[in-house]
Amino acid sequence: MVPLKRRKVTHPQTPDQHGETCKFNDVAIFIIERKMGASRKSFLTQLGRSKGFRIEESYSPSVTHVVSENNTGDEVQAWITNETEEKDEKASICSLHLLDISWLTESIAAESPLQVQDRHRLKTSPKPSAHVAVKSYACQRRSPLNHHNTFLTEPLEILAENAEFMENEGRNIAFRRSASVLKALPRVVRRMEDLKNLPCLGGHSLRVIKEILEDGASQEVETTKQSEQFQAMKALTGVFGVGVKSADRWFREGLRNPSDLIRTGQKLNHTQQAGVRYYNDLNKPVTKKEAEAISDMVGKAVRAVLPGAILTLTGGFRRGKEVGHDVDFLITHPEEGAEEGMMPKVLKWLEDQGLLLYQKTTRNSYLESRDGPERAPHHMDRFERCFSIFKLEQTKECSGTTAGAAGMSEQQSGPSWRAVRVDLVVSPYSQFAYATLGWTGSKLFERDLRRWAGQERGMSLSNHALYDSKRHHYLHASSEEEIFTHLGLEYIPPSERNA
Ligand code: CTP
Ligand code: MN
Ligand code: MN
């Protein structure tokens, strides 16, 4: 309520300008016409005044009770904000009573303004505070695919990528975390002040952000993008099967792009040979439509080989991305163990159909490496994974529309098919929830899930299992929701894991 002394003082029991005697001067009522209509407003106004109520002609800061019919609290709030914009009197809004018409009709019936009760009040959504609280682990936040700050996150991710090329993991993660925090913000960052109290923003990131906010671009980012090393590393690591180490060695030997690899007769492994051969296609974004077409093909293969098998699209497409660099799948069967040995059969089926350009199957080695508990139980080392390249027949409207950027072997007319990178993973049913969570990403989201598990819960999370290191046992989960619960985290759906 606005303190009474601030209100216009009118003498009680004096006739107002409408000729009615005003009995309740402390209660200044304004009726919103919107949705009620002029005639009903006029009727209620006259009736109210005849009972001695003070009903205002227009909205002003002296109004204490706003009544409306069929409007939400937010609508009324918006209407008032609009009315008071010029007068700069918004401060008083928060102390106003925003009421349903029932308060007025009941008051009129009682011939006295009723004490406002909760049922009279219009519900308004809580006001967002100026500084949003952002949690520090990516797995505690909701990161939608489309956010408000790409003009900041893209430059920061260039610097992250460059740090990755320099094998500076700390710097890479620092820039990725900064970008990720900005992705979770509900609005555009306009001033440095908007970043107050946000976690994970280091000095370097803040300098870059400040420069972009003030000058429109960051010198460091622009220089990086233009640098020969960055461009060459991007082109060379863009070859499927080429990591940062090989790319860096080649760069120091003077090689700049995949054509240089061929021209100088570099020794390439099978994966890299396929990578060079399909370079243009593999650097062309895979569309959702193409992912669906491949999903159909793999689904057919999987069901033909093992009836009842389940195929799940994971990776970026499960998070709602429109394009991706590959298509990721997870395969399982409700009968534990039935999935064993199915990868070679699926691949043979696909090969027989002429759908495979390249494939390499590996036994999973997560548990022996950094991701999992020290000693894996015997049933945990049979994840099989296949990195492959599919041959996808193109429909007319798809082919030829996007010419390859690197211009290596792209024909002018475009072939009737394109190459697409596909990742296939087979998981036993008992680990399916963990595998789904692990293969859905994003990479930073996964990284923070594991970090959260270890640092905050004393647990060890992998794509196979969750191990409670204090109680020395594995935690079973048959859904992603259960895993979040085990970890003491609020469930974040795939579409909001785009950290
Ligand atoms: N992944 C993994 N182990 C790997 C490779 C990938 O666990 N050796 C997981 C990653 O953590 C990620 C998911 O698989 O969560 C998908 O990886 P990837 O296809 O590289 O990335 P996407 O998020 O799908 O992005 P894109 O659209 O570019 O493919
Ligand atoms: Mn992917
Ligand atoms: Mn992948």
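Ligands are counted one by one from 1 in listed order, and the atoms in each one are counted from 1 as well.
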Centroid-centroid distance, Tyr278 to Phe240, less than 6.0 Å: no

Check for me whether the distance between the ring centres of Phe387 and Tyr358 falls short of 6.0 Å. no

Should you measure from each heavy atom of [X], which atoms of ligand 1 turn up under 4.0 Å away?
{"X": "Asp326", "value": "19 (O), 29 (O)"}
{"X": "Gly324", "value": "27 (O)"}
{"X": "Thr440", "value": "15 (O)"}
{"X": "Lys443", "value": "17 (O), 18 (P), 20 (O), 21 (O)"}

Aromatic rings Tyr491 and Phe484: how do their planes relate, parallel, tilted or perpendicular, breaks at 30° and 60°? perpendicular

Does Gly316 reach ligand 1 with a nitrogen or oxygen that is under 3.5 Å from one of the ligand's nitrogen or oxygen atoms? yes

Contact partition for [X] relative to ligand 1, non-hydrogen atoms under 4.0 Å:
{"X": "Asn463", "answer": "side chain"}
{"X": "Glu446", "answer": "side chain"}
{"X": "Asp328", "answer": "side chain"}

Taking atom types as modelled and ignoring hydrogens, do the side chains of Arg497 and Ser442 form a donor-acceptor contact shorter than 3.5 angstrom? no

Would you check if there is a donor-acceptor pair between the side chains of Glu482 and His476 at a distance under 3.5 Å? no

Least distance between heavy atoms, Cys200 atom then Ser136 atom: SG-O, 3.6 Å

The Mn ion (ligand 3) to [X]: nearest N/O/S atom name:
{"X": "Asp328", "value": "OD1"}
{"X": "Asp326", "value": "OD2"}
{"X": "Asp423", "value": "OD2"}

For atom 9 (C) of ligand 1, the option (of Gly441, Ser442, Ser462, Gly438) bearing the nearest heavy atom: Gly438

For ligand 1, is Arg319 a contact, meaning one of its heavy atoms is under 4.0 Å away? yes

